[in-house]
Structures are given as C-alpha cells and as structure tokens.
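Each remark here refers to the structure printed beneath this line.
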Amino acid sequence: MEKTYKPGAIESAWYSHWESKGYFAPQGGDASYCIALPPPNVTGSLHMGHAFQQTLMDILIRFHRMNGSNTLWQGGTDHAGIATQMVVERQLEATGKSRESEGREKFIAAVWDWKNESGSTISRQSRRLGTSMDWQRERFTMDAGLYAAVQQVFIRLYQEGLIYRGKRLVNWDPVLHTAISDLEVVTEEEDGHLWHIRYPRMDGRGHVVIATTRPETLLGDAAVAVHPADTRYRDLIGDTVQLPLVDKAIPVIADEYVDPAFGTGCVKITPAHDFNDYAIGLRHDLPLINIFTADATINAQAPPPYRGLDRYAAREQIIADLKLAGLLERTAAHKLMVPRGDRSQAVIEPYLTDQWYVKIQPLAEPAIAAVKHGDIRFVPENWRKTYFDWMHNIQDWCISRQLWWGHRIPAWYDDAGNIYVGKDEQTLRAEHQLADEVKLRQDSDVLDTWFSSALWPFATLGWPEETRELDLFYPTSVLVTGFDIIFFWVARMIMFGLKFTGNVPFREVYITGLVRDAAGQKMSKSKGNILDPIDLIDGIELDSLVAKQTAGLMQPQFAPTIEKATRKAFPRGIAAFGTDALRFTFAQLATQGRDIRFDVGRIQGYRNFCNKLWNATRFILLQIESTPLASDGDLPEGEPGPAERWIMTHLAQALTATTSALASYRFDLASQALYEFTWDEYCDWYLELAKITLSAPDTSPAREQAILLTLLHSLEILLRALHPFIPFITEELWQKLIPLAGITADTIMLQPYPAADEIPQDKAAVAEITWLKSFISGVRRIRAERDIAPGKRLAVHYQGGSREERGWLENNIACIKALARVSTISRTMQIPEAAVAAHAGDMTVLIPLAELIDPPAELTRLKRQMQPLALAKRRILSKLDNSNFISKAPAAVIARERTKLDETEKSIRHLEAQIEGMKKLMYNTGL
RNA sequence: GGGUGCUUAGCUCAGUUGGGAGAGCGCCGCCCUUACAAGGCGGAAGUCGGGGGUUCGAGCCCCUCAGCACCCACCA
C-alpha cells in the first residue's frame with residue numbers, strides 16, 4: 001500500500017466499475033426509497049450548490065440502499081427555456097446571425113444541437129462526485145414522455161376550466177420579448193427621481209401637481225386621482241385637467257388607493273402601464289392607452305415627436321419639453337423599487353398582452369392542506385410558514401412564454417378566433433368536425449419551464465402510463481433542494497402531484513442552505529469568486545484558476561480586481577483534495593438550514609481525515625501480515641481484552657449516533673460522530689493500545705488473535721459506516737481488507753449498513769479504559785507542562801485508589817509504561833518530596849521531580865491551579881446551601897452537585913498537600 | 001410595510017424536552033516515538049449581542065433594544 005492517500009488514483013476506476021455493473025439500479029427489497037433529482041439545466045455545468053445537494057442526496061441514497069431498501073435515484077436534466085435559448089442566441093450572434101434570421105425551425109434545431117453537444121457535461125461532472133444515480137433512467141424535460149405528460153396536464157386543466165387565456169397586464173421583458181411570471185421579476189431599490197409636474201386645469205384656475213417616477217408614461221395617462229377624503233382637492237373631483245404634451249382633457253377621479261401623505265396627494269393614472277393604475281382603471285372604467293411597443297419604445301398612439309423613442313430617451317425629451325413649457329415644478333431625488341427580469345436584467349414593463357394562465361386557487365387549497373396535515377413534512381420545519389404565506393396569497397400563474405425553446409402550447413386558433421385545445425391538429429379537426437377549408441394555426445408560445453418541472457416526480461416514473469415504477473416509487477421519499485425554489489418548483493410539484501396522481505409527490509422536503517464563499521458572499525461569475533467543485537477534486541494551478549475566474553466576464557474591467565483577490569485567497573492554487581474529502585466537507589457543513597461558507601481550510605482537514613483512515617488501514621494490514629491470523633475463513637474467537645471490548649462499545653455508540661442523525665437529516669452530526677470515533681478513539685487510543693499489547697512478549701496467543709480480529713472486524717464495520725459519505729476510499733480500503741476477513745464481495749456499496757445492536761457493548765470495559773486514559777493523560781500533562789524531555793522515562797508512584805482501580809493498573813501496566821513513558825510504577829504511603837500529582841479516579845499519581853523542577857515556579861503553578869477549584873467549590877456550596885434548590889431541584893441533580901463537591905474538595909486537599917510539600921522543600925533547600 | 005433566520009473562542013460553526021460552555025481550523029510549546037509531519041503529545045483562549053423577566057437554576061423559555069442576512073409586498 002502507498003504510504004500516502006492519493007485520491008486521483010482510485011476514484012475514477014471505482015466509479016466506472018460500479019456503473020458498469022449496474023449497481024446504481026434498484027436492487028429490490030421490501031421497502032422503497034426514491035429521490036428525484038432536481039434537474040439541473042441541461043446545458044449548464046456543475047456548481048457548488050449542485051455538488052452540495054447531490055452529495056447529501058447520494059449519502060441518503062447509499063445509506064438506504066445499504067439498509068436493504070429498493071432504492072432509486074431518478075436523475076435527469078431540465079431544458080431551461082429562457083436560459084438555454086439565450087445561450088444559443090448569443091452563439092448565433094457571434095456568427096452574425098440571429099434567432100429571427102434563422103427562423104423557428106432552424107433555431108430549435110440549433111438548440112437541440114447545442115443540447116446534444118453540451119448536455120453530457122453536467123452528468124459527467126456529477127459522476128465525478130460519485131453520485132449513484134440510475135443513469136439508465138436519466139430523463140430530460142423535453143423528451144417524448146415528458147411531452148406527453150405536459151400535453152395531458154395542459155389539456156385536462158383547460159377542460160376543467162383551470163387554464164384560461166386572458167388579456168391583462170403582464171410582466172413584460174422588453175429585451176427577451178416575452179412575458180414572465182411574478183417570481184421571475186426581481187425588484188431592487190435603485191436611485192431615481194420624483195418629478196413634480198403641473199397638469200393645468202381646463203377651467204384655467206391654475207393647475208394640479210402630480211408626482212411621478214416615470215414621466216414618460218404620462219403619454220398614456222387616463223386620469224388624475226386624489227383621495228376622496230382629501231380636503232385640498234375635494235372641489236377638483238369630477239373636474240378635468242389638461243394632459244401636458246398630449247393636449248387632451250382627462251378627468252380627476254377619487255380613489256381610496258391614493259395616499260394623501262405621499263408626494264402631492266395627486267396621482268397620474270396610466271392604466272396600461274402600471275399594475276395599480278390598471279386596477280383603478282377597471283374600477284373607474286378608464287381607457288387603456290398603450291404607448292409602448294414590445295421593445296418599450298414609444299408607439300404610434302403617442303404624439304408624433306415621441307414616436308420611436310426608447311422609453312428612457314422619451315423620458316429625457318418629455319422632461320425637457322415640460323421644463324420648456326414651465327410645467328415641471330421640481331425634481332427630487334428618490335429611491336424606488338425597480339423590477340428587473342431575473343435572466344435579462346432588463347427593466348420589466350407592465351404590458352397589455354394575451355397570455356395563458358393557470359387558475360391557481362383550486363390547486364393551492366389541497367396543497368396547503370397536505371402540508372398542514374403532515375402528509376408532507378418540511379425539514380427544517382420553519383419553511384412550512386414560508387410555504388403557507390406564499391400559498392395563501394398566491395396569484396394566477398402566467399404560463400405562456402413568447403420563446404421558441406420549450407413545450408409548445410397545445411392550442412390552435414381558427415381565423416374566427418376560436419380556440420381549440422388538444423393533442424394535435426388532426427385529433428382536434430376530428431373532434432370538432434372542422435372542414436378542411438378551416439385553417440388552424442397553432443399558438444406560437446411555449447410553456448414556462450417550471451410547468452414541465454412541476455410534473456417531474458411522477459412524469460419521470462412513467463405517468464400518465466400506470467407503470468410499475470410509479471407503483472413502487474411514488475410518492476418519492478424526500479426532495480432535497482434549496483429554499484430559493486420553494487415557490488418556483490416545490491409548491492407547484494405539490495399542486496400538480498396532488499391534482500394528477502391524487503397523492504403527494506414526496507413525503508419530506510429537506511431544504512438545504514446556500515453555498516457561499518469563505519467571506520459569506522454569494523458565488524457569482526461577475527464577482528469572480530466561483531469555486532468549481534471539480535477544481536477542488538482535481539486541484540488547479542493558480543494561473544489557471546486566475547484565467548478561469550477572469551475569462552468571459554460581462555464587465556472585463558473588473559478582471560484585475562478579481563485576479564488580485566484570487567491570488568490572495570489561493571496563493572498556491574488549489575490542491576487536489578479528491579471527491580471523498582469534498583463530500584465529507586459538504587456533510588460537515590450541512591447544518592440546519594442556514595447559509596454555509598465554504599472555506600478551503602475545511603476540505604484540507606477532511607482530506608487529512610481520509611489520509612488518517614488510509615494509514616490506519618495500512619497499519620492493520622501490516623500487523624496482520626506480520627502476525628497472520630490463526631486460520632483464514634474460520635475465525636477463532638480469541639480472548640478479547642478490555643480495550644477490545646471498549647472500542648467495540650464506542651463503535652456501536654458512534655453507529656447509533658450516525659444513524660439517528662441521518663434520520664433527521666443532520667448530516668453534520670452524522671459525519672461528526674464517525675469522524676470523532678475514527679480519529680479520537682480508534683486511531684489515537686485503540687490502535688496505540690493494540691500496538692503495545694501485540695508487541696508485548698507475554699501476550700497470550702488467544703489475546704493476540706482477539707486483537708487482530710478486533711482490528712479487522714472494527715475497521716470493516718467502520719468502512720461500511722463511512723461508505724455513504726466517502727464512497728471511493730472506503731471501497732478501496734474495504735477491498736484490501738476483506739480477503740483477510742474471509743469475505744468475498746464485489747463491492748462495499750451493496751453490503752448491509754452496520755447496525756449498532758449487532759455489536760456487544762461492555763460498560764465495565766468502558767470504565768476501565770476511560771480510567772486508563774486519564775492515568776496516561778495525567779502523566780503526559782505533567783511531563784509536557786514541566787518541559788520534561790519526551791524520551792525521558794519517569795518513575796511514578798501512586799497512592800490510594802479503589803481495589804478496582806488497582807486491578808486496572810495491574811492489567812494495563814505495559815500500556816501505561818509505553819504510552820506515558822514510565823519506567824516504574826510503585827505504591828507509596830507518603831507523598832515524596834517535590835512530587836507532582838495527577839489523578840485517575842480515586843488514585844493519585846505522583847511523579848517525584850526533585851531534580852527536574854524549579855520549586856518557586858512550581859509553587860506558583862500550584863497556587864494558580866487552586867483558583868478555579870476554590871471558585872467551583874463556592875459555586876456548588878451556594879447551590880447546596882439554598883433551601884429552594886434542595887427542595888425543588890430533582891434528586892439526581894442534587895446528588896450530582898454533592899458528588900461534584902466531594903470531588904472538588906478532594907482536589908483542593910490534594911493541592912493543599914502539594915503546596916505544603918513544595919513549601920517544605922523550598923524551606924529545606926534554603927530557597 | 002409584513003415575515004423569517006442569525007448574533008457562542010481569533011475565524012467557521014455545534015450545543016436535541018432549562019441542570020457541569022464544545023468541535024474544526026488558527027494560535028503557543030515540545031517531538032521526525034516503526035500506520036500517518038496530510039502526523040503525535042500537551043496548552044492558552046468565551047461576562048454565550050445589550051437590558052429586563054420567569055425559575056432553586058437560563059446559551060436554551062418570555063419581553064425589549066441593537067446589529068447582520070434573507071424572503072415577500074402594487075405607495076405614485
């Protein structure tokens with residue numbers, strides 16, 4: 001075996017072995033366990049968020065597979081309408097072409113080409129993470145099966161009146177030329193202005209002043225509104241004012257919507273370009289005056305001077321014209337919320353169009369009930385509230401998009417404007433007995449990507465067919481995803497799942513935190529702080545990393561800043577930590593529902609952990625090589641000592657902790673329990689103890705056998721326990737180990753997950769070894785604090801101790817001598833001069849250090865030790881003297897306080913004796 | 001404007017029905033002890049954001065204030 005763990009050498013080989021043997025497919029079993037992967041964008045690449053979530057899913061999947069469940073991890077990718085279309089459009093632009101110049105058919109073909117070319121990237125990266133998805137069942141949200149499901153869902157909802165077509169204001173993206181849903185709009189505060197504009201009264205009695213942040217929309221004003229109770233303007237209501245620059249009379253209306261305290265208390269009403277004004281327009285029967293084209297330039301409805309101007313150019317012009325006309329009263333700086341499209345970053349325009357909507361209320365109600373009644377459980381539970389809040393205020397969902405890449409809406413129109421919804425034109429013609437001369441044309445829009453994603457859990461299992469997989473795996477067990485898509489995706493899956501399968505799509509929703517960089521910043525290309533999970537696995541040179549972070553920036557002027565930051569954060573690039581270390585890091589960082597900061601120092605620590613495990617295995621293999629087992633295959637029992645029984649007890653406890661932590665999605669606690677066992681107990685103590693006993697000349701062959709078997713057996717169990725977290729190294733080491741244990745198996749991943757109750761526990765052994773550890777640590781501490789050379793063997797005395805402890809001392813004398821570097825241990829009745837004491841239970845360990853210590857320094861040290869003891873004593877006494885405490889606290893707590901007091905007082909007496917001894921020594925030596 | 005979460009060691013974070021403040025990293029000292037220097041042994045370090053309350057007892061429960069983060073929302 002290599003001395004140092006090298007992840008690159010083992011990982012890829014094991015993965016292709018597992019995949020080629022078909023181990024990722026469901027293997028049968030009584031219970032079913034299934035996770036549907038949140039499908040990543042097909043043309044995307046794996047980022048830290050994916051890697052994090054997929055690691056957690058894979059831990060669950062491997063754990064349940066080993067536990068004997070029939071386990072399916074359903075994977076696949078999403079067609080990601082807008083995102084993918086934008087990428088391909090950009091590629092076309094680079095060659096001087098455009099979507100329009102190519103035409104719909106050719107463009108879609110180009111998108112498919114790009115999908116086929118780049119679509120395997122993310123699956124390939126996913127494999128590097130060791131994910132045990134059933135690749136044979138990989139799906140795509142635009143494949144034929146999904147298409148059938150989408151059509152069926154659309155048609156049924158339409159027939160039930162739950163999908164309708166409506167003309168109303170939508171969020172219009174003037175760059176992408178499509179409607180988007182409320183969720184795809186991100187509003188952020190930006191600096192702007194509040195312009196105060198005079199609207200002259202038609203009767204010539206002065207003017208009213210309105211305040212607006214969007215003066216250009218005055219071209220579409222239909223009224224001015226005031227609050228009905230506003231005494232300042234009461235006489236104005238019902239009057240008319242002149243709309244500046246348009247030269248048209250518009251009415252002054254009264255509406256409760258107006259806040260008299262804001263601005264001037266007069267509001268211009270533009271029903272076609274503002275959601276509030278739209279509602280007011282409906283209430284007051286105002287005309288809708290659309291003044292924009294799809295590009296948000298001024299259209300022919302507006303006065304000639306402004307036609308063809310971009311909305312912001314029009315704003316400048318209008319302000320200039322108002323100023324000229326003396327109608328601009330003043331301009332104030334103003335912060336306002338600006339809506340932008342989450343993909344294009346373009347300022348969204350409320351725009352009047354025909355769109356398709358899902359009537360959501362009837363779907364939302366059962367979806368609310370399902371979570372309320374616990375049919376679906378959120379982990380952590382507080383996300384329920386977020387879900388409820390949104391579901392209770394949910395608006396109809398605009399599902400049509402004016403894009404080309406996506407599921408085409410299954411609706412056709414005839415020239416008379418009739419709508420026909422169905423599978424295809426032929427079916428519709430037959431259904432509606434349409435004559436051949438009736439021309440039908442299909443709706444040119446596609447569906448919101450989330451429409452098909454909402455069907456993912458059941459459509460990937462075969463719905464609308466009644467498949468065996470649906471029967472076996474639906475509802476799926478758990479959905480693992482981020483809070484950012486609870487509304488986009490989780491809620492819609494629940495609604496559609498309930499509607500079309502009559503059942504919830506998943507039993508539990510585990511919401512993960514968001515992966516941020518070490519400084520807590522969101523990772524983004526423009527910040528240049530992206531970490532590529534593959535770089536953490538394979539490592540990357542600093543120069544390559546810098547090149548990667550600064551390539552293809554939208555704002556290239558930031559490249560030098562990013563380069564500097566990158567060089568500072570990673571002065572030596574990134575080392576190759578391997579997949580297992582990355583996975584273990586993710587598990588450790590997966591604390592309940594908060595953002596996680598990814599620090600490279602952390603992954604290095606877990607790479608070291610893998611190395612530790614590697615070397616522990618190497619040690620055990622070397623031991624068994626030098627002292628072969630009595631007989632292969634037929635394993636004799638041997639005579640286990642307390643150390644063997646102790647370590648197995650600890651192993652059982654670690655397994656219990658891990659398993660119960662996994663049941664509540666506490667990946668941090670689960671991995672921590674195994675980490676601590678492996679390093680702090682197994683390697684630091686058990687391997688050391690075993691080493692000594694094995695090399696001692698008087699160790700019986702039966703004990704020797706027991707130790708070797710314990711080493712073998714415990715490591716074998718430990719590797720299985722760690723496998724879901726760190727699959728590669730555990731497989732590699734397990735394969736090296738099992739021939740010695742007489743096991744033949746092709747893979748660890750299909751072995752049973754170890755159960756704590758199969759391991760005998762022994763409290764007496766735990767007491768003995770715990771005592772032994774305190775004895776050894778006590779001597780070590782004295783040695784280290786007094787700067788005694790590590791090689792120097794000490795003569796040690798002891799005093800007191802129970803009969804049991806004296807027995808333990810006798811049993812473990814060899815281990816104490818070796819691990820504490822002690823030459824002799826003898827009982828003494830009186831405290832030797834210049835002795836320093838430690839305590840192991842009731843036993844006092846004394847080390848005479850006459851020639852080694854500096855008495856005054858020792859005295860100071862001893863006095864310093866007294867302070868916390870005195871403090872502790874006072875604190876305990878104040879409790880025990882409190883009659884309320886004695887009468888109200890539980891007996892067990894009182895007993896514990898009394899024990900504590902006894903111990904503290906004993907320590908104080910010991911210390912006092914030492915102080916006296918030291919003083920005497922100093923007196924005798926004339927100090 | 002409404003809501004959620006957070007504030008514990010220098011840093012990142014655990015702390016599960018209220019009962020002796022923890023881990024990793026970092027730091028300090030000693031050590032290449034035959035599995036591992038990607039290591040071993042030992043150590044220092046916190047008035048648990050401030051204030052108040054409930055309780056025999058509060059990091060944990062209640063109130064309040066402050067700061068940070070995020071989500072939702074139609075104030076021109």
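Letters A, B, ... mirror the listed sequences (proteins, then strands); counts begin at 1. On a predicted model such as this, the values are computed, not experimentally measured, just so you know.
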| message | When the P atoms of C32(B) and A38(B) are compared, how many Å lie between them, rounded to an integer? | response | 16 Å
| query | If we take the P atom in both G26(B) and U12(B), what is their distance in whole Å? | reply | 15 Å
| field | Complementary nucleotide of C70(B), counting Watson-Crick and G-U pairs under 3.5 Å | value | G3(B)
| message | Taking only side-chain N and O atoms of R597(A), does any of them lie within less than 4.0 angstrom of OP1 or OP2 on C25(B)? | response | no
| message | Looking at G40(B), I'd like to know if its phosphate oxygens (OP1 or OP2) sit under 4.0 Å from a side-chain N or O belonging to W679(A). | response | yes
| Would you find a donor on one side and an acceptor on the other, under 3.5 Å apart, between the side chain of T270(A) and the backbone of H273(A)? | no
| message | In this structure, how many angstroms lie between the C1' atom of A35(B) and the OH atom of Y682(A), rounded? | response | 11 Å
| task | Find which nucleotide of RNA chain B each of D787(A) and N884(A) is nearest to by heavy atoms, and output the residue with the more 5' nucleotide. | result | D787(A)
| said: Would K268(A) and Y199(A) count as a cation-pi pair here, with the cationic atom under 6.0 angstrom from the ring centre and within 45° of the axis? | reply: no
| remark: From the candidates G42(B), A23(B), G20(B), the one with an atom nearest any side-chain atom of A784(A) is G42(B)
| task | Report yes if at least one side-chain N or O of K691(A) is closer than 4.0 Å to OP1 or OP2 of U34(B); otherwise report no. | result | no
| query | Looking only at heavy atoms, what is the nearest atom pair of R793(A) and S823(A), with distance? | reply | CB-CB, 3.9 Å
| field | Selected nucleotide, minimal atom distance to R875(A) side chain, candidates G20(B), A76(B), G5(B) | value | G20(B)
| task | Quick one: sort the W679(A) and F609(A) rings into parallel, tilted or perpendicular, breaks at 30° and 60°. | result | parallel
| query | Is the distance between the ring centroids of Y606(A) and F577(A) under 6.0 Å? | reply | no
| request: Considering just the side-chain nitrogens and oxygens of N615(A), establish if one lies under 4.0 Å of OP1 or OP2 belonging to A38(B). | output: no
| task | Using a 4.0 Å heavy-atom cut-off across all strands, classify F262(A) as base, sugar-phosphate, or nothing. | result | base
| field | E785(A) side-chain proximity, nearest of G43(B), A76(B), A23(B) | value | G43(B)
| query | Hey, does T4(A) reach any base, or is it just sugar-phosphate, or nothing, if we go heavy atoms under 4.0 Å? | reply | base
| Can you tell me how far C1' of C70(B) sits from CZ of F487(A), to the nearest Å? | 12 Å
| query | Under 3.5 Å, is there an N or O donor on one side and an acceptor on the other linking the side chain of K3(A) and the base of C36(B)? | reply | no
| task | Searching all strands shown, indicate the nucleotide that pairs with G39(B) (Watson-Crick or G-U wobble; both distances under 3.5 Å). | result | C31(B)
| task | Using the P atoms only, state how far G49(B) lies from A21(B), rounded to an integer number of Å. | result | 15 Å
| query | Contact class for Q672(A) vs. all strands (heavy atom < 4.0 Å): base, sugar-phosphate, or nothing? | reply | sugar-phosphate
| said: Checking contacts here: which listed nucleotide (G15(B), A35(B), A76(B)) is nearest the side-chain heavy atoms of L622(A)? | reply: A35(B)
| Between C56(B) (C1') and R896(A) (CZ): distance, integer Å | 15 Å
| Interatomic distance at P, A37(B) relative to C41(B), whole Å | 14 Å
| query | OP1, OP2 of C41(B) versus side-chain N and O of R783(A): anything below 4.0 Å? | reply | no
| remark: Out of U4(B), G19(B), C36(B), minimum distance to the side chain of K385(A) belongs to U4(B)
| Is the backbone N or O of T658(A) less than 3.5 Å from a side-chain atom of R666(A), with the two atoms forming a donor-acceptor pair by type? | no
| said: Say we look at C56(B) and G18(B): how far apart would their P atoms be, to the nearest angstrom? | reply: 15 Å
| message | Base, sugar-phosphate or nothing for G778(A)? Non-hydrogen atoms, less than 4.0 Å. | response | nothing
| Which part of the nucleic acid, if any, lies within reach of D599(A) when heavy atoms closer than 4.0 Å are counted: base, sugar-phosphate only, or nothing? | nothing
| message | Taking ring pair (Phe, Tyr, Trp, His ring centres under 6.0 Å) as the criterion, tell me which of Y665(A), W383(A), F378(A) meets it with Y510(A). | response | Y665(A)
| Nearest to the side chain of K612(A), which nucleotide is it out of G40(B), U4(B), G20(B)? | G40(B)
| message | Given G15(B), U4(B), C75(B), identify the nucleotide with an atom nearest to the side chain of R666(A). | response | G15(B)
| task | Report which part of the nucleic acid D277(A) touches: base, sugar-phosphate, or nothing (heavy-atom distance under 4.0 Å, all strands). | result | nothing
| For atom CD1 of I620(A) and atom C1' of C36(B), their distance in whole Å | 12 Å
| query | Expressed as a whole number of Å, how far does the C1' atom of G22(B) sit from that of A9(B)? | reply | 10 Å
| message | So L589(A), base contact, sugar-phosphate only, or nothing? Heavy-atom distance under 4.0 Å. | response | nothing
| request: Pick the P atom in U16(B) and in G2(B), then give their distance to the nearest Å. | output: 31 Å
| task | May I have the distance from R384(A) (atom CZ) to G3(B) (atom C1'), rounded to whole angstrom? | result | 16 Å
| task | Ignoring the backbone of M337(A), work out which of G24(B), A73(B), C74(B) is nearest its side chain. | result | A73(B)
| task | Look at all strands and tell whether C683(A) reaches a base, only sugar-phosphate, or nothing, counting heavy atoms closer than 4.0 Å. | result | base
| field | Spacing between F275(A) atom CZ and C72(B) atom P, to the nearest angstrom | value | 16 Å
| Phosphate OP1/OP2 of C25(B) contacted by R602(A) side-chain N/O (<4.0 Å) | no
| task | In whole angstrom, give the distance that lies between atom CZ of F619(A) and atom P of A38(B). | result | 20 Å
| Nearest-nucleotide 5' precedence on RNA chain B, Q623(A) against I776(A) | Q623(A)
| said: So, OP1 or OP2 of G43(B): does either fall under 4.0 Å of a side-chain N or O from R781(A)? | reply: yes
| Nucleotide opposite G19(B) in a Watson-Crick or G-U pair, distances under 3.5 Å | C56(B)
| task | Among the candidates U4(B), C13(B), A35(B), find the nucleotide nearest to the side-chain atoms of A616(A). | result | A35(B)
| task | May I ask you to say what E688(A) touches in the nucleic acid, namely base, sugar-phosphate or nothing, with a heavy-atom cut-off under 4.0 Å? | result | base
| C1' atom, G46(B) versus C62(B): distance in rounded Å? | 26 Å
| request: Looking at every strand, decide which applies to T212(A) at a 4.0 Å heavy-atom threshold: base, sugar-phosphate, or nothing. | output: sugar-phosphate
| message | Checking the side chain of H227(A) only, and the main-chain atoms of A229(A) only, is there a donor and an acceptor separated by less than 3.5 Å? | response | yes
| Flag, side chain of D580(A) to backbone of F725(A), donor-acceptor distance under 3.5 Å | no
| Salt bridge flag under 4.0 Å for residues R214(A) and E216(A) | yes
| For W390(A) and G3(B), what is the distance between atoms CH2 and P respectively, to the nearest whole Å? | 20 Å
